[in-house]
There are 2 protein chains.
Amino acid sequence: MFTEYLNILNKISPLSSESKLLLLDYLAIKKIKKGDYILEHNKICKHIYFVNEGFVRIFYYKNGKDITEWFSNKNQFFFSITSYFDEIPSNLIIEASEDSEIIFLSKKGLGKLMKSNLEIANLFIELLSGSLIFSQKRIESIQFETAKQRYFNLIKVQPAILNKMSLQHISSFLGITQETLSRIRSNI
Amino acid sequence: MFTEYLNILNKISPLSSESKLLLLDYLAIKKIKKGDYILEHNKICKHIYFVNEGFVRIFYYKNGKDITEWFSNKNQFFFSITSYFDEIPSNLIIEASEDSEIIFLSKKGLGKLMKSNLEIANLFIELLSGSLIFSQKRIESIQFETAKQRYFNLIKVQPAILNKMSLQHISSFLGITQETLSRIRSNI
DNA sequence: ATACGAATTTGACAATTGTCAATTGCTTTT
DNA sequence: AAAAGCAATTGACAATTGTCAAATTCGTAT
């Protein structure tokens, strides 16, 4: 059930069968229906999530408006960074944009294992450095690129997103209004 | 010479004397004169830096303009995330804004030690998660707050910065022109 | 103290993007 | 097929911020 997942972890940082066995205790898999939440508003994020199947949208409310922060495809990890580490209520909401299957890796378990198991500590280091690079590239993209450039980059890198997300979600993700995005589109 | 630094590391994640001894081999301390660079443009970032004394500015050039990305005070860590992990030329430049004393922790050494030493692996996890939280808060600050709010927050949290950084550096850090910042200031 | 240069402020105008409202287009339901 | 409802587009106008130029202030060296 978790073999494929453990193989993916193993590729990120090598794990012995013993380490894999230890991790198994702290894994869970859940089917989430389209529109249902994986992480609700103001709940504390106690897992690192993984999209085994489906598509997930991460968003927040700003002045009552739904702003898309990010989305995750099959085989991607995601979690609410500030809620997870600081153990504070999450201002991010995570929902399944389509029927999905999500693997939950518990913070408690991971925290315990990494104190005693070198392989798992190094796995966590790889996961964290991956997130950190990702986070940094996000900042650079916001700072270096205009909304127009980011839109063209999005349709180049993840064209599938265009069919899965509405104009409103794409524009809020890009940090512009839907009218402006509509005008960018018509000016091609 | 490095005892204070090692104590700070120890507070972040506990280290035995043996682990401290191992780390010592990979530490260096350098005095950097005001205006000199700690990391030059297009060089690969091979260290995690620490401000033992002084004040450091991190910036990049965009369309020929000097944009301040961040600054680090005494007892803060800093490095170029994408250059460090991906081992690519850094688009960030790091300079000493005043005469400074910087501690260099080598990537090579840290990478080697964390593969065999659980305490050092856990120290690195703490450093990374700290950076990740920081990076994430930066994104949230850019997304949730206006330039005006970020300015007021800056003078509240780090009032010393105002004396150390010019209007140009502060405004580029906030993502606005210096004229706009000047007008924000005069409207108080 | 004075003069010089750099940093900051101010003004006038232009460009970009947002807001609000109306319209069009598409999909679903009866 | 018609109607209803939602998403996307378009238009007119307002607000914000940027650009360029000039004026002023500030700090430093002579």
Side-chain angles (χ1 to χ4, degrees), chain A residues 33-36 55 57 59-69 71 95-99 139 141-155 158-188, chain B residues 33-36 55 57 59-69 71 95-99 139 141-155 158-188:
Chain A
K33 282 233 155 56
K34 175 177 179 172
D36 283 354
F55 183 69
R57 186 173 75 95
F59 67 103
Y60 58 87
Y61 285 103
K62 182 179 182 180
N63 305 327
K65 283 179 194 160
D66 172 323
I67 311 287
T68 296
E69 156 86 15
F71 32 82
E95 71 165 13
S97 296
E98 38 184 77
D99 288 356
I139 291 177
S141 147
I142 294 171
Q143 291 187 329
F144 278 94
E145 296 166 12
T146 63
K148 201 181 287 192
Q149 287 177 308
R150 292 178 64 215
Y151 175 69
F152 286 128
N153 196 45
L154 182 68
I155 57 179
Q158 307 225 52
I161 297 299
L162 293 181
N163 306 320
K164 295 190 178 183
M165 297 221 301
S166 69
L167 183 78
Q168 194 208 89
H169 291 161
I170 295 174
S171 60
S172 72
F173 167 69
L174 296 173
I176 54 179
T177 60
Q178 47 182 28
E179 290 93 336
T180 300
L181 178 55
S182 182
R183 290 184 176 111
I184 287 174
R185 280 182 168 176
S186 64
N187 279 346
I188 302 176
Chain B
K33 282 232 155 57
K34 174 176 179 174
D36 284 354
F55 184 68
R57 187 173 73 95
F59 67 102
Y60 57 87
Y61 285 104
K62 181 179 182 180
N63 305 327
K65 283 179 195 160
D66 172 323
I67 311 286
T68 297
E69 156 87 15
F71 32 82
E95 70 165 14
S97 296
E98 40 184 74
D99 288 356
I139 291 176
S141 148
I142 295 172
Q143 291 187 328
F144 277 95
E145 296 165 13
T146 63
K148 201 180 288 191
Q149 286 176 308
R150 292 178 62 212
Y151 175 69
F152 286 128
N153 196 45
L154 182 67
I155 58 178
Q158 308 225 50
I161 298 299
L162 293 180
N163 306 320
K164 295 189 179 185
M165 296 221 304
S166 70
L167 183 79
Q168 194 209 87
H169 292 160
I170 296 174
S171 60
S172 71
F173 167 69
L174 296 172
I176 55 180
T177 61
Q178 47 182 28
E179 290 93 335
T180 299
L181 178 54
S182 180
R183 290 186 174 108
I184 288 174
R185 280 180 168 178
S186 66
N187 280 344
I188 301 176

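Order of the sequence lines sets the chain letters (A, B, ...), proteins ahead of strands, with each chain counted from 1.
No side-chain heavy atom of A:Tyr61 sits less than 4.5 Å from a side-chain heavy atom of A:Ile67. B:Gln149 has its side chain within reach of B:Thr146: a pair of non-hydrogen atoms, C-beta onward, lies under 4.5 Å apart.
No donor-acceptor pair closer than 3.5 Å links the side chain of A:Arg57 to the backbone N or O of A:Ser97. For B:Ser172 (side chain) and B:Thr68 (main-chain N/O), a donor-acceptor pair under 3.5 Å exists by modelled atom type.
Nearest heavy-atom pair, B:Lys62 versus A:Glu145, reported as atom, atom and distance to 0.1 Å: NZ-N, 4.3 Å. Nearest heavy-atom pair, B:Lys148 versus B:Ile184, reported as atom, atom and distance to 0.1 Å: CG-CG2, 3.9 Å. Here the shortest heavy-atom pairing between B:Thr180 and B:Thr177 reads OG1-OG1, 3.0 Å.
What separates CG of A:Leu181 from C1' of D:dA8 is a distance of 10 Å, to the nearest Å. Spacing between atom NZ of A:Lys148 and atom C1' of C:dT16 amounts to 10 Å, rounded to whole angstrom units. Between the P atom of D:dA8 and the CD1 atom of A:Ile184 lies a distance of 15 Å, rounded to the nearest Å. Atom CZ of A:Arg185 is separated from atom P of C:dT17 by 17 Å (rounded to the nearest Å). In this structure, the CG atom of B:Asn187 is 16 Å from the P atom of D:dA15, given to the nearest Å. As rounded to whole Å, 13 Å separates atom P of C:dT10 from atom CD of B:Gln178.
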Identify the pairs formed between an N or O of the protein and an N or O of nucleotides 19-21 of chain C at a distance under 3.5 Å, and give each distance.
from, atom 1, to, atom 2, distance (Å)
C:dC20, N4, A:Glu179, OE2, 3.1

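Cation-pi check for B:Arg185 over B:Tyr151 is not met; the charged atom does not lie both under 6.0 angstrom from the ring centroid and within 45 degrees of its normal.
Non-hydrogen atoms lying under 4.0 Å from DNA chain C are contributed by nothing in residues 162-170 of chain A.
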